[in-house]
Amino acid sequence: MIILTPKRSFTVPVGGECISPDTFAAKSTSEMANLPVWEGNKKRALGHLFRIELKTAPSESLTIRIRGDAGRIRRIGAKMSSGRIVIEGNAGMHLGEEMNGGAITVVGNAGSWAGSRMKKGTIEIKGDAGHYIGAAYRGSNKGMNGGAITIYGNAGNEVGCFMRKGLIKIHGDVGQFTGIHMKNGTIYIGGDSEVRAGAQMLGGKIVVLGRIPSILPTFTIDDIKSRVKIDGEKVEGPFYRFLGDLAENGNGKLFISQKQNTHLTPCERFL
Amino acid sequence: MNGERIDLYICDGKVVEKVDERKAKVIDASGMMVMPGGVDIHSHIAGAEVNAGRLLRPEDHVKDVEAKTAVTRSGVGYSVPSTFTTGYRYSRMGYTTVMNPSMPPLEARHTHEELNDTPMIDKAAFPLIGDWWVVLEYLQDDRIEECAAHVAWIMRATKGYAIKIVNPGGLEAWGFGRNVAGIDDSVPHFNITPRDIIRGLCKVNKLLNLPHTIHVHTNNLGRPGNYATAIETMKCVEDLAEEDNPVIHITHCQFCAFKGSDWQTLQSGAEEIAEYVNQHNHVTLDMGQVVFTDTTTMTADGPFQYGLYGLTGNKWVNHDVETETSGGIVPFRYRRKSHVNATQWSIGLELALLIEDPWRIYLTTDHPNGAPFTTYPKVISWLMSTVARKKMLKRISRRARRKSLLPSIDREYNFDEIATVTRAGQSKALGLKQKGHLGLGADADIAIYNLNPKTVDPSIEYKAVTRAFCKPAYTLKGGEIVARDGEIVKPIQGGTFWVDIKLSKPWEPSEDLKLKFREYWTVEYENYPISEDYLKASLPIRVEARI
Ligand SMILES: [Zn+2]
């Protein structure tokens with residue numbers, strides 16, 4: 001295990017893409033300390049910002065543990081393919097961006113873009129997360145393509161934007177436009193959702209256990225289901241099932257809790 | 001170029017007969033190839049549309065970021081690079097002059113602001129005139145001389161260099177959700193056809209004695225069967241030619257050399273076009289070569305771009321520029337395995353290889369429509385080497401390969417011909433007398449490539465050729481070393497050419513024109529023109545009109 005302890009608090013963003021098991025593998029602590037990082041517009045060495053300790057435990061896959069607040073450190077675990085990162089405080093933006101395997105756990109909160117464009121592996125966030133979880137890069141239409149993201153707190157807008165595959169589970173509430181442009185994969189919302197869930201979705205499914213103020217007019221009610229399957233697990237309903245987004249000839253599915261959304265009862269007459 | 005060793009003397013930015021060698025700085029270029037700086041006749045590098053393309057494509061920038069250096073600014077690529085990066089990249093490739101071929105007159109101010117911020121190269125912009133209301137009105141009444149006087153005013157007002165015509169009549173029709181289907185289709189709300197517009201502006205061009213010909217993006221561009229439209233377009237001004245001087249430039253010809261009735265039956269019309277061009281001297285063309293990559297298409301041809309959005313389902317921008325023109329942008333990836341894209345790749349090269357006279361076909365990719373300009377060295381390798389072509393042929397769609405004419409073409413360009421299609425021919429067509437050659441009095445814009453033409457066999461060593469053209473050993477602009485081994489060493493401004501047309505009697509805008517501006521434009525007549533001091537480095541070209 002490699003333990004990184006921040007030497008001070010950071011006031012400007014730090015580019016932390018080198019904090020990855022792939023980069024640390026087979027390096028001595030002094031080599032790790034020499035890895036270049038940008039702090040704002042200043043080029044620094046990793047050892048300048050963190051105390052680095054190595055605690056070898058053979059036969060264990062490489063684990064990096066950040067002891068302290070990494071809320072300003074961006075792109076931790078970017079492109080990592082194996083091993084494990086545990087952040088005991090908060091994590092900055094772009095956590096696990098383009099991740100290709102391994103696992104990341106954040107005990108605190110994570111910034112926006114966590115798991116953006118990830119392909120494999122798991123990200124677990126015990127606190128809240130920002131916007132664009134598992135999303136595509138701005139302007140691109142290639143979002144998350146596999147793996148799983150679990151958030152125990154709340155998340156912001158555009159969760160799973162352009163998602164193609166994989167699972168995003170949010171136990172708290174989410175903002176607007178969940179699953180916008182989504183092509184496939186599953187998004188589970190344990191809490192409430194703001195409006196416009198599934199806008200321009202082409203496929204995949206979004207499950208909302210809590211309340212949603214309204215469904216987009218380009219979705220059509222299709223059925224009432226007593227339960228829905230998520231990643232092999234059954235979640236008890238009943239759920240309204242809506243299909244859309246018809247504005248895009250989409251074939252996505254919205255599962256919306258019937259009990260929590262009595263204001264949607266008038267939809268039932270279209271069944 | 002051909003391995004001939006000569007000394008070249010430069011003084012005050014010009015090629016001169018002799019300098020005092022004891023006092024001069026000497027560049028040892030022995031074993032290297034020296035050419036005039038590259039000239040690009042058609043490349044969308046600046047203006048409202050290019051900038052909208054930049055806004056549309058953050059995902060294009062993120063993969064191609066350039067940090068600042070001691071002398072250069074930071075910037076991004078890939079297909080729609082930021083202004084400074086555009087200048088640097090051209091200069092690093094040995095190019096010193098670039099034409100921005102598509103400027104809505106209303107967006108001239110924005111275009112020149114960006115050209116001011118595009119360093120390292122001389123540049124110019126072609127205002128889009130083929131669908132300007134007032135021009136159409138003059139042409140429908142056959143008032144050619146008045147139209148010419150009006151166009152002279154547009155050139156001065158927009159600091160333009162040449163008359164650009166895009167899908168004549170079609171853009172005006174697009175304002176009403178329509179298009180024209182051929183050069184004899186009538187333009188809605190005007191008593192005029194594309195033929196009238198092309199012929200009219202060709203006459204105007206001659207009356208004004210402009211250095212370049214009319215620069216035409218044909219009707220039906222990007223549609224199967226359009227090679228016939230391209231040939232009709234060239235034919236329609238045949239009788240306006242005087243002696244052997246060209247009177248029309250057909251731009252990015254690859255995009256209008258499609259044979260077949262739909263995408264399924266698409267094949268090359270390059271043979272027919274080349275045959276026509278080989279028999280007629282009044283036309284020049286540029287390739288509009290496609291390279292397999294992810295790029296951004298952008299043209300003033302709004303209806304074509306809308307069709308492309310329909311084909312791809314990609315994100316898109318479409319725009320109606322008031323009473324002047326239109327525009328559209330769609331990101332596009334050219335795929336080797338798509339028979340349509342692979343056929344397009346083949347068509348561009350077929351045109352360049354089947355048209356015999358290199359002085360009349362020029363190397364372009366219609367940047368960024370067919371590919372970014374940074375792919376030119378690759379295109380050069382295809383022109384110079386059948387081996388390089390065969391290698392790519394093997395990797396493209398089988399259907400396209402079977403139909404391609406390339407396997408039957410043995411021609412390989414030599415360095416002389418490459419110099420013609422990348423600088424000499426282009427400057428001649430543009431009427432830039434001081435560019436594209438290294439004769440006495442020429443601008444000392446020079447590219448020195450680390451390639452010995454005596455020892456290299458481009459047919460086999462095409463990779464070495466590509467490398468050399470990517471990173472010249474030296475780029476000189478105005479006699480100064482501005483780039484070395486692919487790095488900018490001295491940033492310079494670079495000037496903006498525009499035609500300063502002198503009419504035999506002064507032309508005063510009618511009250512009617514001012515009234516039209518008040519009624520139909522968002523900009524008043526008085527605020528429309530751009531003053532010369534708006535250009536950071538103005539390079540007016542004095543032209544005496546025949547009227
Ligand atoms: Zn163009």
More than 12 heavy atoms of other groups within 6.0 Å of [X] [atom1]:
X: B/Lys536; atom1: NZ; value: yes
X: B/Arg178; atom1: CZ; value: no
X: A/Phe10; atom1: CZ; value: yes

Under the side chain to side chain donor-acceptor pair (under 3.5 Å) rule, collect the residues that match up with B/Tyr376, sequence neighbours excluded.
B/Asp40

Pairs of donor and acceptor atoms under 3.5 Å between chain B and chain A, please, with atom names and distances.
{"unit_1": "B/Glu59", "atom_1": "N", "unit_2": "A/Arg138", "atom_2": "O", "d": "3.4"}
{"unit_1": "B/Lys315", "atom_1": "NZ", "unit_2": "A/Gly139", "atom_2": "O", "d": "2.4"}

